[in-house]
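Read the structure below first, then the notes.
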Amino acid sequence: MAQSKNTTAYYCKMTDLDSHSELTRRKSVNKKLNKFLQKVNFHPNCSVYISINMDIKEALYKKFKNLIDLRNIFKTDEDCIKFLEELIWGNEPVSPFDENSKVYKCKDGWYKCKNTGKEFNILTGTLFQNTKIPLPIWFEIIFRAYSDKRGLPATMIVRDYGFTYQTAWYMLHKIRNAMGEENCQELSGTVEVDEYFAGGSHKNMHYDKKLEAKQKPNQGKKPLQGFVERNGDAVITVIKDRTDSTLTAGVLRYVKQGSTLNSDDCQSYLKLPPVYNHNFVVHSKGIYVSKDNKDVHTNTIECVWFGIKRIENTYIKLSEKHMQNYANEVCFRYNVRNIGNSANACTWFLQKIQGTNITWKEIRNAKYTQYNRNKARSA
């Protein structure tokens, strides 16, 4: 806090006290805060703490509860754009090119960034950018992609909306790519870790294909490494192998040092550096819960793997090239499980779509967005 002759300037820091939300300091927030500070006169040496209730169930937009409500509310692109502007901007446009720039309003819902001279709207930089598909249909498919727990196949979109398979497949992968922002958290507390091999069972294969699969690396299956925080979020990442270095690197990246780590008796985890409180259960002997401590188990991560098993039955074959994107879908569905109904989850997704734009060429080459886990998570 700095004081001059005529005015007092207050330097404010904001922090998120809710693990499921975060306050983004938009221009609208700063204006309201400055107006409040101008009306009061604090002592120059005092510290001001402002408490804001950011309970996600109250903060989310509750305009629709089911697919019928969604269709009745969002009938045109203009309805969707207005909703997104209120949800993301709070009716205070922010330039995606320079957040501190002044913004001028243009016609037809477009705005202009003063510092860069570029025009934009609420769809710029999102998965909806330059789309020719009506936004109400996008909203429907996003709603269904979450609410259909076994996964929404592209063939169903083809039948229901009349798109080509290529268009439906492209839309779903854009949605899964945006869901990846929930699949990059650093976990702490009590964390469980395990691996999973995605792919068909060898016993159901023809003898020739079974022999061919067993000769491939990982026996033709796609290895995944999963982490889950007790009563918290999960992270699922595709790994190339199960070597000591690969598994150890995953733990060091996604699990905060000093946390309690539960695993099975895989030798790689037994070689971890002593920066974790490591417990393990001997799965090789049929022990899945420690007899000495009932809290030592990996049953929670097994529940996460059940989400992968679900979509395997729907999508039939998960491409190794795009496996990480399918993992994003499962992880997103698990991480937002406590938000409430599917409408809340859909709203949570829509308010986090900035910076999720991806091209057809990038999807075809599996160059998906690498999200930064330190990026602010909007409420």
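Positions are given from 1 along the sequence. Scope of the values below: all heavy atoms of this structure, side chains included, with no hydrogens, waters or symmetry mates.
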Practice problem: Establish whether W110 and W89 are linked, either directly or via other cluster members, by ILVMFWY side-chain heavy-atom contacts under 4.5 Å. | Solution: no
Can you tell me if [X] and [Y] form a side-chain donor-acceptor pair at under 3.5 Å?
| X | Y | answer |
| --- | --- | --- |
| S263 | H278 | yes |
| T369 | N177 | yes |
| N293 | S290 | no |
| S245 | T248 | no |
| D241 | T243 | yes |
| T237 | Q225 | no |
| D98 | T116 | no |

Quiz prompt | Ring-face cation contact, Y161 with R144, 6.0 Å cut, 45° max | solution = no
Quiz item: Cation over ring, K256 on Y254, under 6.0 Å and within 45°?
Solution: no
Practice problem: Determine, stepwise, if the pair H173 / W360 fulfils ring pair (Phe, Tyr, Trp, His ring centres under 6.0 Å). | Solution: CA-CA 10 Å; H173 273 296; W360 163 253; 9.3 Å; no
Quiz item: What's the verdict on ring pair (Phe, Tyr, Trp, His ring centres under 6.0 Å) for H297 and Y288, showing C-alpha distance, side-chain angles and the deciding distance?
Solution: CA-CA 6 Å; H297 60 79; Y288 298 97; over 10 Å; no
Quiz item: For T356, what residues pass the side-chain contact (heavy atoms from CB on, under 4.5 Å) criterion, not counting sequence neighbours?
Solution: T126, L127, A178, I353, Y371
Quiz prompt | Parallel, tilted or perpendicular, as decided by the 30° and 60° cut-offs, for the rings of W305 and Y196 | solution = parallel
Practice problem: May I ask you to decide if Y368's main-chain N or O and E362's side chain share a donor-acceptor pair within less than 3.5 Å? | Solution: no
Quiz item: Is a donor on one side and an acceptor on the other found under 3.5 Å between the side chain of D148 and the backbone of G151?
Solution: no
